[in-house]
Visitor: 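Sharing a structure below in structure tokens format, with a few things to ask.
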Amino acid sequence: MTTSKDREGDFGELEQSLQLSLPQDLRDLYCGAFPANVSDLVYRPAGDPAKPPHVLWALDAMRHGAQAPDADLVPVMPVDDASFACLVCAREDGGGPADLGTVVRWHLGAVPARAQRQILDVGLAQYVATAAADLRARGPGLEAMKRIAAAFSVHDDDGTRAKLYEVRPIRLAVQNVVIGLAAVRQESTYDALAADAWQTCEAPHVNAHEGARGLLALTLTEAFRAGGTMEIRFDRHPERRVPAMIQQFARVQRVDLAMSDPVSIAPAEARQLFFAVTRVPDVLRSRIDIATRAQAITPERACFLILAKIWSPIEMDMILGLSERAPSILKGGADPLERLAAQAEGDVCRAARMIGMLWARLSNAETETDSATRFMEDARVLVDWVIDEEEGAIVFTSSRPCSVPWVVCGPPVVVPAGVPLVVVPRAFANEQSAAVAERVAKRIAGPSGALAPVAATLQPRDQTSTAARDGSSPVLELVCPDNLAELDREVEAKLQKCRVGRA
């Protein structure tokens, strides 16, 4: 029988061998009682060091993984078959990293650097409690999903569409692996979305919390589509409260769930979570906040339009930054009979669509130097942008060298990492576009010209100019694959999708 004194001795030996200052909450975990349903999962300094669940066995597995683990990590529990949850500890001298005390994920396989050490929870006690609560609800949740799916199959049989007040199952899968299950309905009693089932899990090939983020995104878009108050209730959920995995995701994203009603996410909290799952850039978030304060658009509409891929983040940022007609555009556009308003909106929408296509090409560029990026689901190149509101230009900056597509003439152009790419999009060929691009590039370069940005213009396929064709201009001419008519059809399709039945 292992006594408390024995556990204290094991803890001291572990601390000495690792040369780390182990926190009190880890000591409490080793010396106290484990939650019954995670008792066999927690790694501890007791038993045979060559077998699980000994913490030294887990450390040895990490050291024999594809990447050498950081010295300040102590494995706590398995996350899945190919990764561990680790506590970030301080050195014996008291020094420690910025994420000291958090629980992070360490992959045993070959993953890109950005995928290692992603935060799982803000503290050890919260992580263990969340794991225990999630495991308790998993069995009842799966049984509930089976019953709901069987009842819902009647709509598959007769081809009818479920009403909003009927329970609708949701399944989220990535590469044929189910990482999220939920069942939602519109509850007229509260004018809120009710989730009768909601559970998610981690998978080796997706980033930390990606299942929770994706399933929560689907839940929030359903709440918006249903036209309610954006409140989400969990009265019939097996946990009888806001699921522990949602609370964990909110902690990591620094969204404060007041939990004044334990079974409900309040509308204001739902909007904050909507921004978190949408991953809205800070500048775009500021523009949306300004539009919200002016009562021009609601934050849930902006997030819905991005998550539904109606407008991409860069397209929405450009529309909000460059057009006074942005509220009208994001609600479906002006009446075609208002010719001047519709024409003004059409010009900015065409330019935004071309920039959206260019950003997608730059972001999805092939990267032969990092084969590990193909392991994780999200393998895009990080391409930031800044909208120049005065000139109507967009400045791209890539984290890696990227090839510029659609160049009219000359050899292929590769923009080095960190070098700005200035693009001036215009729906119609304009002789002043090249001058604008060159002026913005010179302003960014500064007096010394150290940065040397690459300047370019962008126009539809049937709107070409001759300014950059003779080779004398330093400004590249980019031609979008779509012509003006094709862009107009795409824009009109987007505007029709924006006309959802709520403000």
Side-chain angles (χ1 to χ4, degrees), residues 221 224-227 230 271 274 278 280-281 283-360 385 387-394 423-430 432-433 436 457-463 480-503:
T221 53
F224 174 83
R225 191 178 69 87
M230 292 301 296
R271 293 183 179 98
F274 222 159
T278 309
V280 176
V283 175
L284 178 54
R285 173 71 179 270
S286 299
R287 295 194 201 279
I288 294 173
D289 287 342
I290 292 172
T292 299
R293 287 193 294 271
Q295 298 184 342
I297 188 176
T298 58
E300 56 265 35
R301 172 177 286 274
C303 293
F304 175 83
L305 295 179
I306 293 174
L307 285 176
K309 298 187 181 300
I310 297 173
W311 295 108
S312 67
I314 191 171
E315 292 169 346
M316 182 174 291
D317 195 15
M318 188 171 172
I319 290 169
L320 288 170
L322 299 182
S323 177
E324 296 180 353
R325 304 281 313 170
S328 172
I329 293 172
L330 298 181
K331 291 180 181 179
D335 190 313
L337 297 178
E338 300 177 15
R339 295 181 61 84
L340 293 179
Q343 185 176 14
E345 293 177 3
D347 285 345
V348 72
C349 287
R350 295 182 192 113
R353 180 65 193 126
M354 289 191 296
I355 284 295
M357 295 170 65
L358 177 61
W359 177 66
W385 72 86
I387 307 294
D388 189 318
E389 298 179 14
E390 294 183 3
E391 301 284 7
I394 293 83
V423 180
V424 176
R426 296 293 185 265
F428 298 94
N430 189 332
Q432 300 301 317
S433 300
V436 172
T457 62
L458 175 61
Q459 55 269 336
R461 176 162 48 88
D462 56 347
Q463 298 291 317
C480 176
D482 291 352
N483 59 33
L484 203 58
E486 291 167 336
L487 287 174
D488 285 341
R489 284 196 294 270
E490 294 176 22
V491 168
E492 179 56 30
K494 288 177 177 291
L495 293 176
Q496 286 182 358
K497 293 176 183 177
C498 287
R499 296 167 193 148
V500 242
R502 65 181 294 163

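Just the heavy atoms: all of them, side chains too, but no hydrogens, waters or symmetry mates, feed the values below.
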Visitor: Show, in sequence, the C-alpha distance, side-chain angles and deciding distance for Leu484 and Phe428, and conclude whether the side chain to side chain contact (heavy atoms under 4.5 Å, CB included) test is met.
Guide: CA-CA 8 Å; Leu484 203 58; Phe428 298 94; 3.3 Å; yes
Visitor: Could you work out, with side chain to side chain donor-acceptor pair (under 3.5 Å) as the rule, every residue matching Arg426, not counting sequence neighbours?
Guide: none
Visitor: Got a second to check how far Leu458's CG is from Met354's CE, nearest 0.5 Å?
Guide: 4.5 Å
Visitor: Can you tell if the side chain of Cys480 reaches within under 4.5 Å of the side chain of Met357, non-hydrogen atoms only?
Guide: yes
Visitor: Quick check on Gln496: does its CD atom have over 12 non-hydrogen neighbours (other residues, nucleotides or ligands) under 6.0 Å away?
Guide: yes
Visitor: What residues form a side chain to side chain donor-acceptor pair (under 3.5 Å) with Glu391, not counting sequence neighbours?
Guide: Arg439
Visitor: With Arg489, which residues qualify under salt bridge (Lys or Arg N to Asp or Glu O under 4.0 Å), at least two apart?
Guide: none
Visitor: Can you measure from SG (Cys349) to CD (Glu490) and round to the nearest 0.5 angstrom?
Guide: 12.0 Å
Visitor: Quickly, which of Leu322, Leu358, Ile394 forms a side-chain contact (heavy atoms from CB on, under 4.5 Å) with Pro425? Name it, please.
Guide: Ile394
Visitor: Taking 4.0 angstrom as the limit, do Asp289 and Arg293 come out as a salt bridge?
Guide: no
Visitor: Out of Ile306, Ile297, Val280, Ile310, which residue meets the side-chain contact (heavy atoms from CB on, under 4.5 Å) rule with Met316?
Guide: Ile306
Visitor: Is there a donor-acceptor contact under 3.5 Å from the side chain of Arg287 to the main chain of Leu320?
Guide: no
Visitor: Are Ser323 and Glu345 linked by a side-chain donor-acceptor pair shorter than 3.5 Å?
Guide: no
Visitor: Which atom pair, heavy atoms only, marks the closest approach of Ala352 to Met318?
Guide: CA-SD, 3.6 Å
Visitor: Sequence neighbours left out, what pairs pass ring-ring contact (aromatic ring centres under 6.0 Å, His included) with at least one residue falling in residues 289-322?
Guide: Phe224-Phe304
Visitor: Taking salt bridge (Lys or Arg N to Asp or Glu O under 4.0 Å) as the definition, give me every residue that meets it alongside Asp482, ordered by chain and number, with sequence neighbours left out.
Guide: none
Visitor: Hey, what do you get for CG (Leu495) to NZ (Lys331), rounding to the nearest 0.5 Å?
Guide: 14.0 Å
Visitor: Listed by chain and number, what are the side chain to side chain donor-acceptor pair (under 3.5 Å) partners of Arg461, not counting sequence neighbours?
Guide: Glu486
Visitor: Is there a side chain to side chain contact (heavy atoms under 4.5 Å, CB included) between Glu315 and Arg353? Walk through the geometry before answering.
Guide: CA-CA 6 Å; Glu315 292 169 346; Arg353 180 65 193 126; 3.0 Å; yes
Visitor: Does the Arg301 side chain pair with the main chain of Leu330, one donor and one acceptor, at a distance under 3.5 Å?
Guide: yes
Visitor: Mind checking whether Phe274 and Thr221 have side chains closer than 4.5 Å, heavy atoms only?
Guide: yes
